[in-house]
Asks: 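The structure is given below, and queries will be raised subsequently.
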Amino acid sequence: MSDKHIILDPTGLYDIPSGYIQITTEVEWIQFFGVSADPCWVRGERLCKWAETWLRSWNRSEEITEIKQHPRYILGQLFANVPLPHDWTDEQLLILATKLDSYPQDNPIAYFLADNITNSNGQIWFAEPSISHLATWLSIPIPEEYKPLERVWQQRFKEHELANYYQTEDKLLFLRRWLGIAEPVFNDIGKYPLPVPDFLRQEFDNYWEQLISRTEGKVLDTLMLANQVGMERIANCAYKVLGNRPNWINQVREAKVIPYLSPQQKQELSLNQHPPQPLALDATPGQALAWATKDYLPFRRWEVIKQPAVAPKISDSLADSFVEWMLQHYPQMQVDSVENSYLNYSVASKVQNLCQDSPVFWVVVDGLGWLDHLELLSLLTNNYKLAVETAIEPRFSILPTKTEYAKWSLYAQLLPSDSAWVADAGKAFVKMGMGKRYTDRQVDKLYSALRKKTSKLYCWDTDIFDSLYHTQKDWQSLYELDRPHTLEGIAKKIDYCLQQYPNPDALRIVIASDHGQMMGTSEKITHCPPELEAKGRMAIGKTDDTRFVVLEGDRYGLPHDISIVKGSTSLGSFSYTSNQKIIGSHGGLFPEEIVVGVSVLRKSIQRLPVLVFCFGEGKPRQAGELEITIENPNSVPLTDLCLYIHELPDFQQGKLLKQEILANQRFSFQVILPEIPTLPPNYPGNNLSLTGNLTFRFAYAEIESTALTPDSKIIINQIYSSGFDIDEFLGSNNL
């Protein structure tokens, strides 16, 4: 018989394990104690005291294995000066005490919180205190029943310099104050260092939308970006409000929000509902692409999406100028070598060259126009943290903008007039001389090939985006709901493909397309000329009908003569709206059909430091010039520049710079200073050092900031700096 085989449970709360003899009365004690070798479990406060006295009287106290303590006492010891909730029952206390007893006893409450707060990183409960740790902890919502345990956990930091903040009794209120959406605003230890927590995003957005509206945008004037948390969200709130109140937009407010907006949002905000000029017929191909991407397409999108009821469309007449330009210049662009061509088949040559240095994952998204390409890049860089290696470049689609022509030429690097042309992109891809093309039905084979590193080139040719336009019947929901959802799916699959490759950092991702899509709905042409074989916005054959323009086969590099609908109407479509409007037709000459992009991304890229030097000279209180020199040693351009200079009033709130600093370029330019500042009294010398920073985007993607170089300065040619004003003296003598 064991020397210790008696458990005393005065609480009566604990379950009796199997193998124990239960004793609840003195009679049972006399009846069972010492009769069997099985251990005994004595239950009840009075009986336990009686048994303890009995054993002590017989000098057998050493046979007591354990005296069970009340869970309220156990937890009271653990909670120390944090009171236990009065409404916790004995049963709840026992469950919690038992659970805590199962963890390592050096810090059982931290282990419990790590196990049970499912939306947190468990290590947060064991990490050392810091400002970032404090911010992370505050962003973790705690169920009501666990808050007493969290208060015990908070006591660990009583001796730390941040103790006052960790001891907060209302962490949600403290967090809201730190985010600046509750009074009094808290910024004693700097701005909140993390993104706005998910569960507060809606409240944060509502607060800023109301504040911007209530102040008519004036709150943006004094916003200090370096100290402001959630600037991306604030910028989007401003975009919403100012988009409906264009008269509230000024340069300062635009400078504050534009660096944080998507390219589409930025263009729409600065557009301010003023249409661009038509494209000049003598424009160069580069100028025509710049006009289409920076002027026409943003305006077209604004007019079609934001003003759908307005007719006729101004952008239709603007597109006419592009149509005339294409008809005149397209034949000339066919003469250029493929590698240097503005036509889209130069993309294949680019891919072949990239394959000389690294493996390439080439994603060809059928029907992906310029604006959609920008949106896809935004998803890949923001949501999936890919980095842009080569900024998106525009190309002219091969004519006509139908898949069987445009995609064949994209792969074959030949015009459709070549004798090898067939309406089969797969046969054209063979001419690449490397790699393999996978369609949407073959993605399983694509995944396998990536995992096995079977070649230098993997091509995913997807038509899920183009198919969307051919099947949907409501334009508004197609554009605002289905289209973004489909782009998100493409981005997610690109990211998944990247994960399959054993060395994802080595894999370049090239994104391209064959053509774009008409925006909005189109009317159906009535009485199609009988001599034409209709195919959407194009038709095989020639016609004298003035509603069409004819692309002669020998002049436009085509296997046969093709007639193109000149305006925005269409011969037919796969899909119609309820009122018989056409959706998703293409094959014509509008910029949204013609202009596509090519971009190169990688898993990660080491960006090199950007240098900014400012120098100026002048007399106080007079206008002057500031020369700004920006050195960009990176492979992508710098966009959305905003310069802050503390010493110059015109730059203190941020000044938006219209320049774009190209890749690997050192560029200097001048800006006008309305007034050279005056040096303070007794200022040593006449060189005023300039401090501040430049915010910018790398290739329309990630936002960065760099400080002015230490030698930035302005030379102020000031005769008197003692505080004595010579003008006042002269004026007083003339009295």
Asks: Decide yes or no for F590 and S315: does some side-chain heavy atom of the first lie under 4.5 Å from some side-chain heavy atom of the second?
Replies: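 A side-chain contact under 4.5 Å is absent here.
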Asks: Quick one: does L220's side chain get under 4.5 Å of L242's, heavy atoms only?
Replies: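 Counting from C-beta outward, L220 and L242 do come under 4.5 Å.
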Asks: Would Q210 and N206 count as having a side-chain donor-acceptor pair, cut-off 3.5 Å?
Replies: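 On atom types as modelled, these side chains do not qualify, holding no pair under 3.5 Å.
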Asks: For residues L638 and F667, determine if any side-chain heavy atom of one lies less than 4.5 Å from a side-chain heavy atom of the other.
Replies: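 Sidechains of F667 and L638: no contact.
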Asks: Once rounded to the nearest 0.5 Å, what's the spacing between atom CZ of F465 and atom CG of L376?
Replies: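 CG of L376 is found 9.0 Å from CZ of F465.
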Asks: I'd like to check L498 versus F361 (side-chain heavy atoms, cut-off strictly below 4.5 Å). Are they in contact?
Replies: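 Heavy-atom side-chain distance check fails, nothing below 4.5 Å.
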Asks: Can you name the nearest heavy-atom pair linking D295 to P276, along with the distance?
Replies: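 Heavy-atom minimum between the residues: CB-CB, 3.6 Å.
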Asks: Please assess L708 against Y644 for the test side chain to side chain contact (heavy atoms under 4.5 Å, CB included), listing each intermediate value before the final yes or no.
Replies: CA-CA 9 Å; L708 271 61; Y644 297 82; over 6 Å; no
Asks: Please confirm whether the backbone N or O of E389 pairs with a side-chain atom of S635, one donor and one acceptor, at under 3.5 Å?
Replies: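 Yes, the answer is positive, given that a donor and an acceptor are paired below the 3.5 Å cut-off.
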Asks: Quick one: pull up CD1 in I703 and CG in D640 and give me the separation to the nearest 0.5 Å.
Replies: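 Interatomic distance, I703 CD1 to D640 CG, rounded to 0.5 Å: 8.0 Å.
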Asks: Under 4.0 Å between a side-chain nitrogen and a carboxylate oxygen: does that hold for R201 and D198?
Replies: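 A salt bridge links R201 with D198.
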Asks: Counting N and O atoms only, with roles assigned by atom type, does the side chain of E625 sit under 3.5 Å from a partner on the main chain of Q670, one being a donor and the other an acceptor?
Replies: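 No, because the side chain of E625 does not come within donor-acceptor range (under 3.5 Å) of the backbone of Q670.
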Asks: Quick one: does any side-chain atom of K171 pair with a main-chain N or O of I140 as donor and acceptor, under 3.5 Å?
Replies: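 Yes.
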Asks: Is there a donor in the side chain of H373 and an acceptor in the side chain of S599, or the other way round, less than 3.5 Å apart?
Replies: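 Judged by distance alone, the side chains do pair up.
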Asks: Would you say the side chain of E631 lies within less than 4.5 Å of the side chain of T629, judging by non-hydrogen atoms?
Replies: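 Side chain of T629 against side chain of E631, heavy atoms only: no contact under 4.5 Å found.
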Asks: With the side chain counted from C-beta on, respond yes when D221 and R253 share a heavy-atom pair under 4.5 Å apart, and no when they do not.
Replies: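 Yes. Closest side-chain heavy atoms under 4.5 Å.
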Asks: Are the side chain of S346 and the backbone N or O of Y342 linked by a donor-acceptor pair below 3.5 Å?
Replies: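 No, because the side chain of S346 does not come within donor-acceptor range (under 3.5 Å) of the backbone of Y342.
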Asks: Donor-acceptor check, side chain of E303 to backbone of I314, threshold 3.5 angstrom: yes or no?
Replies: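 Yes, because the side chain of E303 sits within donor-acceptor range (under 3.5 Å) of the backbone of I314.
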Asks: Please report the interatomic distance CD(E592) to CD(Q517), rounded to the nearest 0.5 Å.
Replies: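 Reported to 0.5 Å precision, the distance equals 10.0 Å.
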Asks: Give, for atom OG of S689 and atom CG of D711, the distance between the pair rounded to the nearest 0.5 Å.
Replies: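 The CG atom of D711 is 9.5 Å from OG of S689, to the nearest 0.5 Å.
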Asks: Any idea how F698 and F696 line up, ring-wise: parallel (<30°), tilted (30 to 60°), or perpendicular (>60°)?
Replies: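 Answer is perpendicular, since the angle exceeds 60°.
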Asks: Show every donor-acceptor pair shorter than 3.5 Å between a side-chain atom in residues 182-197 and any protein atom, with sequence neighbours excluded, or say none if there are none.
Replies:
residue, atom, partner, partner atom, Å
Y192, OH, A135, O, 3.0

Asks: Is the shortest heavy-atom distance from the side chain of R176 to the side chain of L173 under 4.5 Å?
Replies: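 In contact.
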Asks: Do Y260 and I234 come close enough that some side-chain heavy atom pair is under 4.5 Å?
Replies: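 No, too far: nothing below the 4.5 Å cut-off.
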Asks: For N687, does its backbone N or O pair with a side-chain atom of Y683 as donor and acceptor, under 3.5 Å?
Replies: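 Such a contact is found between Y683 side chain and N687 backbone.
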Asks: For N236, is there any backbone N or O sitting under 3.5 Å from a side-chain donor or acceptor partner on W208?
Replies: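 Checked: no pair found.
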Asks: Give the minimum heavy-atom separation between E660 and K294, together with the two atoms involved.
Replies: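 Heavy atoms only, the tightest pair is OE1-NZ, 4.0 Å.
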Asks: Has R666 got more than 12 heavy atoms of other residues, nucleotides or ligands less than 6.0 Å from its CZ?
Replies: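 Counting other residues, nucleotides and ligands, CZ of R666 stays at 12 neighbours or fewer.
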Asks: Evaluate side chain to side chain contact (heavy atoms under 4.5 Å, CB included) for L690 paired with F615, printing each intermediate quantity in order.
Replies: CA-CA 9 Å; L690 300 179; F615 175 79; over 6 Å; no
Asks: Please test E216 against R245 for side chain to side chain contact (heavy atoms under 4.5 Å, CB included), starting from the C-alpha separation and ending with a verdict.
Replies: CA-CA 9 Å; E216 298 183 351; R245 294 287 189 275; over 6 Å; no
Asks: Please find the pair of heavy atoms, one from I212 and one from W248, that lie closest to each other, and give the distance.
Replies: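 Distance-wise, the nearest heavy atoms are O-CZ3, 4.1 Å.
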Asks: Counting distance only, does the side-chain N/O of D205 pair as donor-acceptor with the main-chain N or O of C237 below 3.5 Å?
Replies: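 Side chain of D205 to backbone of C237, a donor-acceptor pair under 3.5 Å: no, none is there.
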Asks: For T709 and S712, what are the C-alpha separation, side-chain angles and deciding distance, and is it a side-chain hydrogen bond (donor to acceptor under 3.5 Å, both in side chains)?
Replies: CA-CA 6 Å; T709 57; S712 293; 3.2 Å; yes
Asks: Should the pair E209-K240 be classified as a salt bridge under the 4.0 Å nitrogen-to-oxygen rule?
Replies: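 Salt bridge flag = yes for K240 with E209.
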Asks: So, taking the atom named CG in L643 and the one named CG in L626, what distance separates them when rounded to the nearest 0.5 Å?
Replies: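 It comes to 7.5 Å.
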Asks: Would K603 and D505 pass as an ion pair if we require N to O under 4.0 Å?
Replies: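 No.
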Asks: How close do V600 and V510 get, heavy atom to heavy atom, and via which atoms?
Replies: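 In terms of heavy atoms, the two residues are closest at CG2-CG2, 4.2 Å.
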Asks: Which class fits the ring pair Y479 and W475: parallel under 30°, tilted 30 to 60°, perpendicular over 60°?
Replies: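 Judged by the thresholds at 30° and 60°, the geometry between Y479 and W475 is tilted.
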Asks: Is D372 reaching over with its side chain to a backbone N or O of L368, donor-acceptor style, under 3.5 angstrom?
Replies: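 It does not hold such a pair.
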Asks: Main chain of Q665, side chain of N632: is a donor-acceptor contact present, judged purely on distance under 3.5 Å?
Replies: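 No, N632 side chain to Q665 backbone: no donor-acceptor pair under 3.5 Å.
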Asks: Please report the interatomic distance CD(Q228) to CG(L179), rounded to the nearest 0.5 Å.
Replies: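 One gets 9.5 Å once the value is rounded to the nearest 0.5 Å.
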Asks: Does the structure place the NZ or CZ of R300 under 6.0 Å from the centre of the six-membered ring of Y296, at an angle of no more than 45° from the ring's axis?
Replies: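 No, cation not above the ring by the 6.0 Å, 45° rule.
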Asks: Name the orientation class of the two ring planes belonging to Y165 and F174 (parallel below 30°, tilted from 30 to 60°, perpendicular beyond 60°).
Replies: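 Judged by the thresholds at 30° and 60°, the geometry between Y165 and F174 is parallel.
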Asks: Between I494 and I490, is a side chain to side chain contact (heavy atoms under 4.5 Å, CB included) present by the stated rule, with each step listed?
Replies: CA-CA 6 Å; I494 290 172; I490 293 171; 4.0 Å; yes
Asks: Aromatic rings W325 and F396: how do their planes relate, parallel, tilted or perpendicular, breaks at 30° and 60°?
Replies: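 Answer is parallel, since the angle falls under 30°.
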Asks: V229 and F204: which non-hydrogen atoms are nearest, and at how many Å?
Replies: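 Heavy atoms only, the tightest pair is O-CZ, 3.6 Å.
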